[in-house]
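Please read the structure below before turning to the comments.
Worth saying up front: this structure is predicted, and the values here are computed from it rather than measured. By convention in this document, chain letters (A, B, ...) are assigned in the order of the sequence lines, proteins followed by strands, and residues within each chain are numbered from 1.
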Protein chains: 2
Amino acid sequence: MTGRAGTKGVPREERERQILDEAAAEFGTHGYAHASVAEIANRAGISKPLVYSYFESKDGLFLACLHRAGPPLVQAVAAAQHPVPGRQRAADTLAAIFTTLEPRPHDWSIVYDPTVPAGSPIEQQARKYRRALNRLGAVGVSEVLADVGGYDAKDESLLTQVWFGVVTAMVRWWQQHPAQTASDMIARSQRVIAAL
Amino acid sequence: MTGRAGTKGVPREERERQILDEAAAEFGTHGYAHASVAEIANRAGISKPLVYSYFESKDGLFLACLHRAGPPLVQAVAAAQHPVPGRQRAADTLAAIFTTLEPRPHDWSIVYDPTVPAGSPIEQQARKYRRALNRLGAVGVSEVLADVGGYDAKDESLLTQVWFGVVTAMVRWWQQHPAQTASDMIARSQRVIAAL
DNA sequence: CCTCGAATTGACTCTCGGGTAAGTTACCTC
DNA sequence: GAGGTAACTTACCCGAGAGTCAATTCGAGG
């Protein structure tokens, strides 16, 4: 933005962090396909080639965001699975997700970005994280369904997708109400779950 | 695809219907921003300029899809609102939605397409339909919340968003399992709702 | 059978965004 | 203070996709 070339004294590590933060926000709001690298550079106050010099490509940049977002989520959700009844387990899982997402709520949208090109390496990586989360979610789901009985495998798949639809909806709502803290969200989600 | 110009004897009205069908599928799967008019033309077995001669622009094409998708949904959902307890009302509403969506499940994704450019006329039109559906959904939501009490306006907004997240998740699941009929979906959704 | 309009196309332009080449500034070291 | 290197930029290339133009074929009236 200065118009002049030459270093500004910001070390690579710190710059990379700034870029990743802005990229996560941009990818999270517009999705991979709509996000523009130039816009990400703008937000970070630098120029496009610097982004390309640190991360090789748009894919590389997204992948870096993914690798920062995915593992903490998987780990937190796995740690939240205790043998308690369905509603409580759902609430615990949501609490773990909100806590993990506190620094960057957009990270969820990155893992569940529907606009990444099918078959691309980034889609495969995202799918790995999603599959891990899916497996964890399916446990709670089948437990809930088993209580009532009379269901088939497709019902299970449907309810799992509904569950992630619920999480996604809550996270998106959070993104639209950034003033809310993670604790606020946990409290709200508990009230909402109780109402069902 | 013939390679030759000249009429193929298909009257405008029928061609428009074909184009709209393919456009709905394409917009529904890839979203407005990713959908390519050339690809829509391909699927319909015609060339791009014909699409532009019937619908003026990509916006015009999307708008036509919107106007075919929105009103039936709003009307069906409105008609499904009876003064019954929360769970039952949700099931009724879902049944109305699935029935309306039977010919083209992608129509839901068109009304809720997150990739339409903000501020554009098509976004404003889509927002109108969404707002209508939202108002109807909010009635059921506030009723559900009132039963337990101790909630605020933000909780209401959150639960409304969650409700539409649930519907969207179910419709998306349907799109991935096209062999299911509307009746199948209604039965599944009822089982799932009962399990909560 | 001749013309007129509707249906239809190949081939073009223009813009936008990913990606690159080559150069510029500042600091650090000897 | 003369390199060398890390942090930066401007200016460009190129492919994809929206949108346009001029021509071509066919069927229906006179």
*Using atom NE2 of His30(A) as one end and atom P of dG18(C) as the other, report the distance to the nearest whole Å.*
12 Å
*Under 4.0 Å between a side-chain N or O of Arg15(A) and OP1 or OP2 of dC8(D)?*
yes
*Atom pair CZ (Arg68(B)) and CG (Asp21(B)), whose distance is rounded to the nearest 0.5 Å*: 4.5 Å
*What distance separates Gln161(B) CD from Trp174(A) CH2, expressed to the nearest 0.5 Å?*
14.0 Å
*Separation of Leu61(B) atom CG from dG17(D) atom P, in whole Å?*
16 Å
*DNA chain C: Ala33(A) or Val10(B), which has the more 5' nearest nucleotide?*
Val10(B)
*Figure out the CD/C1' separation between Glu26(A) and dG17(C), and round it to whole Å.*
13 Å
_Rounded to whole Å, please give me the gap between CD in Glu16(A) and P in dC8(D)._
11 Å
*Roughly, in whole Å, what's the span from CD1 in Ile46(A) to C1' in dT25(C)?*
16 Å
*Please check if the side chain of Arg130(A) supplies one atom and the backbone of Tyr112(A) the other of a donor-acceptor pair under 3.5 Å.*
no
*Round to a whole Å and report the spacing from OH of Tyr54(A) to P of dG19(C).*
19 Å
*Summary of protein contacts for nucleotides 19-30 of chain D, nucleotide by nucleotide, where a base hit scores B, a sugar-phosphate-only hit scores S (4.0 Å, heavy atoms)*: BBB--BBB----
_Could you measure the distance from the NZ atom of Lys48(B) to the CG atom of Asn42(B)? Nearest 0.5 Å is fine._
10.5 Å
*Could you tell me which non-hydrogen atom of Ser109(A) sits nearest to which non-hydrogen atom of Gln175(A), and how far apart they are?*
OG-NE2, 2.8 Å
_Partner of Thr168(A) by side-chain hydrogen bond (donor to acceptor under 3.5 Å, both in side chains), out of Trp173(A), Trp108(A), Trp163(A)_ = Trp108(A)
_Once you apply a heavy-atom cut-off of 4.0 Å, does Phe55(A) come out as touching a base, just sugar-phosphate, or nothing?_
nothing
*Length of the CG-P vector between Leu50(A) and dA22(C), whole Å*: 19 Å
Side-chain donor-acceptor distances from residues 137-148 of chain B under 3.5 Å, at least two apart:
{"from": "Ser142(B)", "atom 1": "OG", "to": "Ala138(B)", "atom 2": "O", "distance (Å)": "3.4"}
{"from": "Ser142(B)", "atom 1": "OG", "to": "Val139(B)", "atom 2": "O", "distance (Å)": "3.0"}
{"from": "Glu143(B)", "atom 1": "OE1", "to": "Arg89(B)", "atom 2": "NH2", "distance (Å)": "3.2"}

*Between dG17(D), dA7(C), dT9(D), spot the one nearest the side chain of Ser36(B), thanks.*
dG17(D)
*Quickly work out the Phe62(A) CZ to dG19(C) C1' distance and round it to whole Å.*
19 Å
